[in-house]
Amino acid sequence: MPVTQRAIEHVKRMIAAGELRPGDRLPTERDLAAGLGVSRSSMREAIRALTTLGVLEVRHGSGVYVTALRPGDLLETFSVLAEVSQDETLIEVLQVRRMLEPAATAMAAARADDAALRRLGAILDRIETGGSEGETVAADISFHQAIVEITGNATLVAINDGLSSRTFNARVWRGHREAGLTARLREDHERIYQALCARDPDAARAAATVHVMEVERWLRGSLEPGGEC
């Protein structure tokens, strides 16, 4: 194992074992390096890598600390996945969404309270009601984020954010608009919302599955010569 990677794994083990807890200050770079038998430069690289990953944070003039280790912080770098993915990788991203979103939507149907449903209804009203493309795309993303937030699972929320892409959503709406199919997307969202209002997990799961499959079908068509967009 490369020296820097060994140093990274050492700090991660200390955190996993409870030797370092969220908010704790790390021993000095020199002490860590000496204890592990690596150079200070290798230890520095390890700290830099763990800082990028959201595990550590450097407070200038104070030292290096373990972060709160919130899922959103740890998975922040994951959020670039959907934004930079192309073609076949985007299809894989949608396949993962097809595994997760229906389950999350079913869970939300069982847990949604009246306040959450009112919020979803307000977001739904902003989807494709004559507003700009940017407003529609933002509402679309907010709608799905709000559903996952109802589950109360912070890790699932962070993963969902990583699988969402404003750029890709804009491409989906633009392509459907050019093909005269935006009503289909709006109806997908309406079915999901109605299933949530009915507190029907099975219907919510089915509606979410149909929606993601529609987007995946459209993307596959757009990638074929002479496809939909």
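Keep in mind that the numbers below use all heavy atoms, side chains included, and drop hydrogens, waters and symmetry copies. The shown structure was predicted, so the numbers you read here are calculated from the model rather than taken from an experiment.
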Any salt bridge linking [X] with [Y]? Criterion: basic side-chain nitrogen under 4.0 Å from a carboxylate oxygen.
X      : Y      : result
Arg166 : Glu83  : no
Lys12  : Glu9   : yes
Glu190 : Arg186 : yes
Asp188 : Arg191 : yes
Arg126 : Glu135 : no

Completion exercise
The complete set of salt bridge (charged side-chain N to carboxylate O under 4.0 Å, His left out) pairs with one or both residues in residues 42-61, sequence neighbours excluded, reads Glu29-Arg44, Glu45-Arg48, Glu57-Arg59

Problem - Parallel, tilted or perpendicular, as decided by the 30° and 60° cut-offs, for the rings of Phe168 and Trp218 - result: tilted

Under 3.5 Å, is there a donor-acceptor pair between the [X] and [Y] side chains?
X      : Y      : answer
Asn160 : Gln145 : no
Thr28  : Asp31  : yes
Glu214 : His176 : yes

Below 4.5 Å, heavy atoms only, C-beta onward: do [X] and [Y] meet side chain to side chain?
X      : Y      : answer
Met107 : Ile150 : no
Met14  : Leu32  : yes
Leu74  : Leu53  : no
Arg30  : Arg40  : yes
Arg70  : Asp73  : yes

Exercise for the section: Examine Ile192 and Val157 and state if one hydrophobic cluster contains both, with Ile, Leu, Val, Met, Phe, Trp and Tyr joined whenever side-chain heavy atoms are less than 4.5 Å apart. Expected result: no

